[in-house]
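Quick notes on the structure that follows.
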Amino acid sequence: MDEPDLHPELVETATAIAEMEVRGAATIADAAARALEKQAQASDAATPVAFREELAAGARRLLDTRPTAVSLPNSLRYILRRTDGDTVEELRNAAIAGAQEFRDRLESAQDDLGAIGANRLQDGDTILFHCHSTDVLSCIRTAREQGTALSAIVKETRPRKQGHITAQQLQEIGVPVTLIVDGAAGRYLDEADHVFVGADSVTADGSVVNKIGTRQLAVTARERDTPIVVAAQTVKLDPTTLSGHTVEIEMRDEQEVISSSERNAIGDITVENPAFDVTPPRYVDAIVTERGQFPPESIVFLMRELFGEQAMEPWEAGN
Ligand code: RUB
C-alpha cells in the first residue's frame, strides 16, 4: 500500500530532528507533537480509516529520524492512543486535543521537576554539567529564582559541543561558567558538589541513556563520591524496556568527528561516532522526575504505574 501524503510541516520537522536543528529529548517530543497536530488539522482524509492511516504514517516518518530518545515515541503514543472517534472530525478533534494536552504536560512536568531538583542545591554549590538538557536547566533556573548562588563547570561535549548551549544559558541566568574539554572532567570533579545530567531514555532496570560520555563521567564521579543526579521527566521512561526491549544507540556520521582531509591524512582507519551511552543504575544517585526523586532501581515501579502493559504500537498496521 502507498504511504499517504504527509503535511510539509511534518516532513520539515522530521528533517530538522534528523539533522539535529531540533535536538534534546524534550524538545524533540514537543516538535513531534506539534507536527502530528498539524497533520491532523490539515488532513483531507475522506474516511476515518484513511485519517488514522495518515496519522500513523506521519508518526512512522517522525520515528524514522533518531532512534534513542524515547520521548519521541512516547509523544506519538500519547496522541495516537487518544485519537478516538467514529468520524473524521471526531478523530481530528481528539488528535489535536491529545497533542495540546501532551505539550502542556511536558511543560508543567519540566516546571515541577525543576522545583524538586532545585531542592538538592544549596547556596554556593558548584555543579558539573555534561551536554545540554532542558530538564537539568529547569532545576538550575528554579534554584536561581529562589536566590541560590551557584557556579558551573561545563564539559564541552564533543563532537557537537552542546556544552556551549549550556554555558550560554547558565550565564544568562547568573551562573558563572568555567568551560572545560571533556577529558578534564576528572580533574574538576574535585571542585564539584554535584553532577547534573539529563536523559534520553531511562530503562526498567534504572539505567540511564544519555549523551556519550555520561557513563565515564558517572563512574569517575562515583569514585570521588560526587553525587550524580539525572533530571528526567517521566516522558523519558521507556515502557518497551519493561518487556525486555533494549534501547538502540544512535550511530552518527563520522564527519562530526573528523573531516575528510584529516581522515585521508591519517590513512586507513575506522571512525565510530555513537551519540549516546548507557550508565548503569549503580553509578546514579537519584533520578529527579516531576513525580518526585527516585533511586534508579525503583524507577520500574513508576514505569509500571504510568505505562502498564503495552499494547501493540499505535502506528503499526492493523491499529
Ligand atoms: C541531548 C542529550 C540530553 C537529553 C536530555 O542529545 O543527550 O541530555 O536529550 O535533554 P542530542 P532534555 O543533543 O544528541 O539530542 O532534558 O532537554 O530533554
Side-chain angles (χ1 to χ4, degrees), residues 13-33 62-63 65-75 102-103 105-114 116-118 127-142 152 154-170 182 185 195-203 207-218 228-238 247-253 255-257 273-279 284 286-290:
T13 300
T15 305
I17 294 172
E19 292 177 358
M20 287 182 67
E21 284 155 34
V22 170
R23 51 146 296 281
T27 311
I28 289 171
D30 182 76
L62 290 162
L63 282 169
T65 52
R66 298 186 73 191
T68 304
V70 72
S71 51
L72 173 56
N74 277 347
S75 98
F102 176 81
R103 293 180 51 229
R105 288 176 69 134
L106 202 63
E107 200 180 318
S108 63
Q110 196 162 70
D111 291 344
D112 294 347
L113 167 159
I116 295 165
I127 304 148
L128 196 147
F129 297 89
H130 181 60
C131 198
H132 170 260
S133 154
T134 55
D135 282 352
V136 167
L137 262 300
S138 176
C139 304
I140 310 303
R141 199 166 280 121
T142 307
V154 176
K155 289 178 75 211
E156 181 183 37
T157 318
R158 283 269 294 156
R160 294 187 67 110
K161 298 188 179 166
Q162 291 94 331
H164 290 195
I165 310 169
T166 303
Q168 185 183 352
Q169 294 184 353
L170 285 170
D182 294 308
V195 171
F196 266 68
V197 294
D200 288 85
S201 289
V202 176
T203 69
S207 293
V208 172
V209 184
N210 191 48
K211 180 56 55 191
I212 191 82
T214 302
R215 180 194 168 107
Q216 190 183 38
L217 177 64
I228 172 143
V229 178
V230 176
Q233 45 178 307
T234 55
V235 75
K236 317 285 179 65
L237 304 183
D238 186 340
V247 176
E248 182 183 340
I249 300 294
E250 177 182 10
M251 299 299 285
R252 292 193 64 86
D253 199 295
Q255 295 282 340
E256 291 183 347
V257 178
N273 183 18
F276 301 99
D277 62 21
V278 182
T279 302
V284 174
I287 300 179
V288 173
T289 76
E290 75 276 17

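Numbering of ligands and ligand atoms starts at 1, following listing order. Just so you know, these numbers come straight off a predicted model, no measurement behind them.
Rounding to the nearest 0.5 Å places CD1 of I28 at 7.5 Å from CE of M20.
Counted within 6.0 Å of CD on Q169, heavy atoms from surrounding residues, nucleotides or ligands total more than 12; the atom is thus considered enclosed.
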Exercise answer, ligand 1 polar atom pairs (N/O) under 3.5 angstrom:
residue	atom	partner	partner atom	Å
ligand 1	7 (O)	D200	OD1	2.8
ligand 1	7 (O)	N210	OD1	3.1
ligand 1	7 (O)	K211	N	3.4
ligand 1	8 (O)	N210	OD1	2.7
ligand 1	9 (O)	A25	N	2.9
ligand 1	9 (O)	D200	OD1	3.3
ligand 1	9 (O)	D200	OD2	2.9
ligand 1	13 (O)	R23	NE	2.5
ligand 1	13 (O)	R23	NH2	3.2
ligand 1	13 (O)	Q162	NE2	2.8
ligand 1	14 (O)	R66	NH1	3.4
ligand 1	14 (O)	R66	NH2	2.8
ligand 1	14 (O)	K211	NZ	2.6
ligand 1	15 (O)	G24	N	2.9
ligand 1	15 (O)	R66	NH1	2.9
ligand 1	16 (O)	S133	OG	2.6
ligand 1	16 (O)	T134	N	3.2
ligand 1	16 (O)	D135	N	3.0
ligand 1	16 (O)	K236	NZ	3.4
ligand 1	17 (O)	T134	N	2.7
ligand 1	17 (O)	T134	OG1	2.6
ligand 1	18 (O)	A25	N	3.3
ligand 1	18 (O)	A26	N	2.7
ligand 1	18 (O)	K236	NZ	2.8

For E156 and R158, run salt bridge (Lys or Arg N to Asp or Glu O under 4.0 Å): C-alpha distance rounded to whole Å, both residues' side-chain angles, the deciding distance at 0.1 Å, then the answer. CA-CA 6 Å; E156 181 183 37; R158 283 269 294 156; 5.5 Å; no
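The two residues K155 and G213 make their nearest non-hydrogen contact at NZ-O, 4.0 Å. Minimum heavy-atom separation, A14 to T65: O-CG2, 3.1 Å.
For the pair K211 and F276, the cation-pi criterion (under 6.0 Å, within 45° of the ring axis) is fulfilled.
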